[in-house]
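Please read all numbers here as calculations on a predicted model, not as lab measurements. Lettering follows sequence order; numbering is per chain, from 1.
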Amino acid sequence: MKNIQAIRGMNDLLPEQSPLWQYFEAQIRSLMRRYGYREIRTPILEQTALFARSIGEVTDIVEKEMYTFEDRNGDSLTLRPEGTASCVRAAMENGLLHNQTQRLWYQGPMFRHERPQKGRYRQFHQVGVETFGMNGPDIDAEIILLSARLWKALGLFDHVTLELNSLGSLADRRVYREALTAYFESHFDLLDEDSRRRLTSNPLRILDSKNPAMAEMLAQAPQLLEYLDDESRAHFAALTDLLDAAGIAYVINPRLVRGLDYYSRTVFEWTTTALGSQGTVCAGGRYDGLVEQLGGKPIPAVGFAMGIERLILLLETLDLVPPESQRGPDAYLLAVGERAEREALLLGENLRDALPHLTLQVHCGGGSFKSQIKRADKSGARLALILGEDELDQGALGLKFLREERDQETLPRDAMIERLKALFR
RNA sequence: GUGGAUGUAGCUCAGUGGUAGAGCCCCGGAUUGUGGUUCCGGUUGUCGUGGGUUCGAUCCCCAUCAUCCACCCCA
């Protein structure tokens with residue numbers, strides 16, 4: 001019989017890895033609380049139309065990467081490929097956007113049917129931030145500062161670069177798009193196959209191409225920044241002023257365009273060179289038109305999303321995994337002999353009652369003294385608590401330090417509880 | 001979706017057209033109740049899967065699945 005395997009590109013998170021994820025998630029929760037952002041959780045399934053209408057019909061995500069299927073009613077459903085659309089839908093549907101501002105964040109799995117690669121999986125996880133009702137540029141700057149604070153907390157700040165651009169208003173982009181299309185058509189012979197295909201569907205993305213044969217032609221192409229109206233220009237200038245004042249370095253990348261249609265004005269990416277070809281670790285921007293596009297009243301919005309797998313990978317690559325994230329339990333209770341085995345479980349309960357902060361692993365399944373103390377060592381515990389025949393006869397408990405040069409102690413149980421309280425205050 | 005590389009023990013990897021090995025791990029012992037070092041002994045495999053060639057395939061061929069890398073895409 002063939003063993004069933006996990007779906008391609010979808011990974012199990014194993015116990016060895018989960019402490020690092022929990023550490024990362026704890027950093028996120030604390031960061032969001034400190035900036036006054038509140039968590040929102042939405043279903044991972046949505047009506048297909050939500051993504052088609054928000055991300056854009058002619059984007060790669062919608063055209064060929066979504067997990068779309070019919071449910072038993074014949075409705076077309078899609079596993080969310082990103083978080084913004086769901087967040088906007090939920091905020092609209094629940095009245096969160098009515099005459100008020102919102103600062104929201106979310107975290108969870110996203111799904112895209114791409115060819116798996118390092119830092120790119122079919123089920124992957126994002127943390128996203130979305131804000132509504134604020135025109136910026138102060139809020140644009142705030143979310144960038146928030147992300148910068150996270151990099152500092154994780155020790156990543158010196159390993160990431162902030163790239164910045166403005167896509168202007170939708171009107172700006174329309175004009176620019178025409179100029180750009182005209183330019184590319186006049187250099188049609190230099191375009192590669194992909195670019196020719198995009199010429200009609202999404203010409204801005206041609207600017208992103210890494211094809212060296214096109215590099216010079218792209219460098220000469222009209223620049224979006226020159227097509228910005230006064231308002232967008234002022235917005236962008238104010239944002240860069242705020243970042244300058246906050247001491248956040250950035251690189252203006254006029255060819256930074258995002259793959260999702262809903263962005264306008266500010267777009268940014270945090271990138272790293274340490275992860276190979278999947279170097280974007282966090283990206284986002286302003287999407288003032290999206291709420292209206294989805295049927296709501298027009299309301300400005302900015303947000304970003306970061307890829308958790310990529311950030312975890314980056315922490316590991318740069319050896320920034322904090323040692324305390326993989327610490328074992330405080331104590332490991334061994335029970336040698338039949339009488340002790342019978343009592344250990346209840347003794348464990350008593351200890352947990354008396355010491356609410358103690359992390360205690362109780363040995364189950366018997367075995368020799370030697371094998372049990374080996375387990376205690378392997379568990380990573382700081383202490384071994386020893387319950388054997390001798391200790392039982394004395395109503396006592398032994399305490400051995402597994403990581404420190406200290407004498408072993410044997411104390412009556414009540415005294416041992418006080419001793420442990422002192423050790424794990 | 002395109003191109004390339006790789007799939008052998010739980011892990012990291014050797015290996016041969018006559019159906020397999022090392023190190024680590026794990027278990028036991030040296031040490032009747034003391035781990036992390038040492039020594040001794042032991043367990044572990046549909047050689048990714050399905051076909052084909054062959055007297056015989058883990059090895060050669062084809063397909064397929066998976067992983068990795070680049071393109072692409074994007075977080």
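A sub-4.0 Å separation between OP1 or OP2 of B:C65 and a side-chain N or O of A:Q5 is absent. Side-chain N/O atoms of A:S277 include one lying less than 4.0 angstrom from OP1 or OP2 on B:A70. OP1 and OP2 of B:G36 both lie 4.0 Å or more from every side-chain N or O belonging to A:R375. Put simply, A:K118 has a side-chain N or O that comes within less than 4.0 Å of OP1 or OP2 on B:C69. OP1 or OP2 of B:G36 has not a single side-chain nitrogen or oxygen of A:K378 nearer than 4.0 Å.
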> So A:Q117 and A:S277, side-chain contact (heavy atoms from CB on, under 4.5 Å) or not? Walk me through it.
Replying inline: CA-CA 9 Å; A:Q117 207 176 308; A:S277 60; 2.9 Å; yes

> Would A:Y106 and A:E130 count as a side chain to side chain donor-acceptor pair (under 3.5 Å) if you check the C-alpha gap in whole Å, the side-chain angles of each, and the deciding distance to 0.1 Å?
Replying inline: CA-CA 9 Å; A:Y106 58 83; A:E130 315 289 355; 3.2 Å; yes

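Comparing A:W270 and A:H113, the nucleotide of RNA chain B nearest to each residue sits closer to the 5' end for A:H113. Heavy-atom distances to RNA chain B give each of A:G367 and A:L275 a nearest nucleotide, and the one nearer the 5′ end belongs to A:G367.
A:K370 contributes no side-chain N or O that forms a donor-acceptor pair with the base of B:U34 under 3.5 Å. Not a single donor-acceptor contact under 3.5 angstrom links the side-chain atoms of A:R8 to the base of B:U67. Looking at A:Q372, its side chain has no donor and acceptor atom pair within 3.5 Å of the base of B:U34.
Nucleotide B:C71 forms a Watson-Crick or G-U wobble pair with B:G1, both donor-acceptor distances falling under 3.5 Å. Checking B:A66 for Watson-Crick or G-U wobble geometry (two distances, each under 3.5 Å) identifies B:U6 as its partner. Across every strand in view, B:C25 sits unpaired, with no contact that passes the Watson-Crick or G-U test at under 3.5 angstrom. In this structure, B:A30 forms a base pair with B:U38, meeting either the Watson-Crick or the G-U wobble geometry with both donor-acceptor distances under 3.5 Å. Pairing for B:G18 is with B:C55, a Watson-Crick or G-U wobble pair whose two hydrogen-bonding atom distances lie under 3.5 Å. Applying the Watson-Crick and G-U wobble criteria (two distances, each under 3.5 Å), B:C47 pairs with nothing in any strand.
The closest donor-acceptor contact from the side chain of A:N165 to the backbone of A:P254 lies under 3.5 Å.
Backbone-only contact: A:G9 has heavy atoms under 4.0 Å from sugar-phosphate atoms and none from a base. Across all strands, A:E65 comes closer than 4.0 Å only to sugar-phosphate atoms, never to a base (heavy-atom distances). At the heavy-atom level, A:L334 lies nowhere under 4.0 Å from the strands shown. Counting any heavy atom pair closer than 4.0 Å across all strands shown, A:E82 reaches no nucleic acid atom. In this structure, A:G119 reaches the bases: a heavy-atom distance under 4.0 Å links it to at least one base atom across the strands shown.
Looking at A:I28 and A:M306, their side chains come closer than 4.5 Å, going by heavy atoms from C-beta outward.
Closest to the side chain of A:P116, out of B:A75, B:U67, B:G33, is B:U67. For A:D377, the side-chain atoms get nearest to B:G36 when compared with the rest of B:C72, B:G36, B:U34. Residue A:Q117 has its side chain nearest to B:C71 when only B:C71, B:U34, B:C74 are considered.
Between A:Y35 and A:Y37, the ring planes are perpendicular. Angles over 60° get that label, and only those under 30° would be called parallel.
One P atom belongs to B:U58, the other to B:A9, and the distance between them is 15 Å to the nearest Å.
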